[in-house]
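Quick notes on the structure that follows.
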Amino acid sequence: MIKNYSTKTLESEKFLDDYIHLKNDIVLNHAFQADFNSKNEDVSKLRLLTNKLSRKKNASDFSSLEKIRIVVDSLIGDVSENDVCKKEGVPVKVFSEWKSDFLEAFNKYSEIEVLQRALNSNNKELIVEEVGKEAYDFYKKFINISSIKNLIISKNKVLSAYSDFDGIENIVLLNKVNNFRLINKQFEEVNSKLPINGILLGNFETFNSRAENHPINKIPFISRLYFGFEFLFKRVFPKMPVLKKLYFFTTKGKNRLLSKAEALGRLVSCGFDIVDVKVIDGIHYFVAKKVKEPVYDMNPSYGPLFKMKRVGKNGKIIGVYKLRTMHPYSEYLQDYVLKLNGYSDTGKPADDFRLVPWGKVLRRYWVDELPQLINVFKGELKLVGARPVSQRYFQDIPEDLQKLRLAQKPGCVPPYVALDRKGAVDSVLQAEREYLQEKLRNPYTTDIKYFFKAIYNIVFKNKRSA
């Protein structure tokens, strides 16, 4: 590899010299420069310059110019690197060394822009061909598609193949997120490639959309069996420690079932803000902006019992146990959902797509909150008190109430139930203020009083959770 130019080997010097000649052929060719911005001219002329070279059978017999031609073909062609290696009879490891030398030479002589222009000259055609005209029209609202600052990753390419490219501001992933074997790793790699405020565009399919558009959906009984098995194998198996090995061995991680909440939540956990989402023919197309480094959540929660991060006494963050009523990674989307729809009359985020179908039933009868008794036994919660809330929700609480809350442990039975108030945000906060102030005046009897009031309202007034 061309790392130290004072100690190059003879072969590396020859590779670099041949690159310089090729570079001059490209840059000094006036006809090439004149037509540089036409749609397919860059690709065809760059390939024409390199294809004049002869080909040989053995990797060791390739000249430096032939190596350049093979590397360029792999970068601007429509076939994968493995296919190029197989076609040319070159070992993958050897090819990787050639590619590294070539890209380093391009970077050293400030000509990476030439190759990037060649790659980007047919961006529109590539996007339209792989995801359609409507998706292209959606994407072009957010980025200049023809800019050399874009990196468009085709369905048969991987981002790591372009790891040496500099100055990238926007990345478009044309393959569905469902087909990424390691979704978070892919998003983390994109994050490392983009600057702050860099744009990522991509797409995914939800399992609801897939079921609606699948032909077998028209066969009532058979469709239930099919989708039940598919949900079990493609949704549950990938999240189970042992069974996921079988899933990945069988599917290679492709065509995974995802919910909207999980797909977007993974993006946010990897350092992105959701800018916009549009559904086209059942596929969700998203635009996301890099705002920070990834969270690197090594232990995401998938199971029915999980812990939520909540603000406890004196501002300590505690893990509150709960039965799952939302899709995985939903905890990362609270701010996004509130920005979209705000709060409902019940005090919860309005039109919350993060809820699973059975979630409302569990919430209505407080079944999802029974595991909080574990927190009571651990001394983190008490039976009666202001509800434990997220840091995001806590920011919206008036400052005087924040101080009252931080002086007490949160509780399982909320004051608004005991006082028979509505579940709207204002009503809940006012009930909490009254309870906390009374608790200061009567620290020993207030909780007993509120507990029995709550039981009465639940049993005789049919009071239900907001």
Side-chain angles (χ1 to χ4, degrees), residues 295 297-326 328-332 334 346-348 359 362-421 423 425 427-459 463-466:
V295 173
D297 189 350
M298 304 307 292
N299 295 294
S301 170
Y302 298 116
L305 179 66
F306 72 107
K307 287 194 296 185
M308 307 176 297
K309 293 181 180 179
R310 293 293 184 258
V311 180
K313 185 178 180 180
N314 298 323
K316 180 183 177 182
I317 302 302
I318 59 176
V320 176
Y321 291 93
K322 191 177 182 182
L323 290 177
R324 179 172 297 284
T325 58
M326 290 184 173
Y329 285 90
S330 291
E331 60 268 28
Y332 293 101
Q334 185 169 13
T346 65
K348 303 287 187 180
L362 295 182
R363 287 185 170 191
R364 181 169 175 77
Y365 294 97
W366 287 288
V367 176
D368 61 316
E369 295 172 2
L370 288 177
Q372 291 180 14
L373 292 174
I374 299 173
N375 296 103
V376 174
F377 293 136
K378 291 174 66 177
E380 296 170 330
L381 299 181
K382 52 195 182 108
L383 278 178
V384 177
R387 298 297 305 277
V389 296
S390 66
Q391 291 170 287
R392 173 63 180 81
Y393 185 96
F394 189 79
Q395 295 172 6
D396 293 335
I397 296 175
E399 188 174 347
D400 67 310
L401 186 53
Q402 287 183 3
K403 293 179 180 178
L404 288 171
R405 273 177 150 269
L406 293 178
Q408 297 281 341
K409 289 181 184 178
C412 298
V413 180
Y416 82 90
V417 175
L419 297 175
D420 197 19
R421 304 283 174 80
V425 175
S427 297
V428 169
L429 294 181
Q430 181 56 33
E432 288 180 355
R433 182 179 282 105
E434 292 177 22
Y435 160 78
L436 291 169
Q437 289 172 344
E438 186 173 347
K439 178 71 174 176
L440 291 176
R441 295 191 300 269
N442 303 296
Y444 301 109
T445 60
T446 301
D447 284 357
I448 297 174
K449 170 184 170 183
Y450 273 69
F451 177 78
F452 285 106
K453 275 190 171 184
I455 295 299
Y456 178 85
N457 289 335
I458 292 171
V459 175
K463 187 70 176 177
R464 293 294 177 259
S465 178

[X] to [Y] - nearest heavy-atom pair and separation:
X    : Y    : value
C412 : L381 : SG-CD1, 4.2 Å
R405 : R387 : NH2-O, 2.8 Å
P388 : G411 : CD-O, 3.4 Å
L429 : Y393 : CD2-OH, 4.1 Å
K313 : L406 : CG-O, 3.5 Å
T446 : K439 : OG1-CA, 3.7 Å

Do [X] and [Y] have side-chain heavy atoms sitting under 4.5 Å apart?
X    : Y    : answer
M308 : M326 : no
R363 : K322 : yes
E380 : R310 : no

What's the separation between atom [atom1] in [X] and atom [atom2] in [Y], rounded to the nearest 0.5 Å?
X    : Y    : atom1 : atom2 : value
R324 : L362 : CZ    : CG    : 12.0 Å
E331 : S390 : CD    : OG    : 11.0 Å
D447 : K449 : CG    : NZ    : 11.5 Å
L373 : K378 : CG    : NZ    : 13.0 Å
Q372 : L323 : CD    : CG    : 10.0 Å
T445 : E438 : OG1   : CD    : 7.0 Å

For the backbone of [Y] and the side chain of [X], can you confirm whether one donor and one acceptor N or O come within less than 3.5 Å of each other?
X    : Y    : value
N375 : Y321 : yes
K453 : L419 : no
Q402 : F394 : yes

Using the test side-chain contact (heavy atoms from CB on, under 4.5 Å), find all partners of A454 that sit at least two apart in sequence or belong to another chain.
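Applying side-chain contact (heavy atoms from CB on, under 4.5 Å) to A454 gives V413, V417, A418.
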Ring pair (Phe, Tyr, Trp, His ring centres under 6.0 Å) involving F452 - partner list, sequence neighbours excluded
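Once residues adjacent in sequence are excluded, F452 has no partner under the ring pair (Phe, Tyr, Trp, His ring centres under 6.0 Å) criterion.
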Mind running side-chain contact (heavy atoms from CB on, under 4.5 Å) on R433 and D400 for me, showing each step along the way?
CA-CA 9 Å; R433 182 179 282 105; D400 67 310; 3.1 Å; yes
Among I455, L383, V384, find the residue that satisfies the side chain to side chain contact (heavy atoms under 4.5 Å, CB included) test when tested with Y450.
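It is V384, the one option of I455, L383, V384 that forms the side chain to side chain contact (heavy atoms under 4.5 Å, CB included) with Y450.
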With Q391, which residues qualify under side-chain hydrogen bond (donor to acceptor under 3.5 Å, both in side chains), at least two apart?
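With neighbours one apart ignored, the set is empty.
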Under the side-chain contact (heavy atoms from CB on, under 4.5 Å) criterion, do Y456 and D420 qualify, and how do the steps go?
CA-CA 10 Å; Y456 178 85; D420 197 19; over 6 Å; no
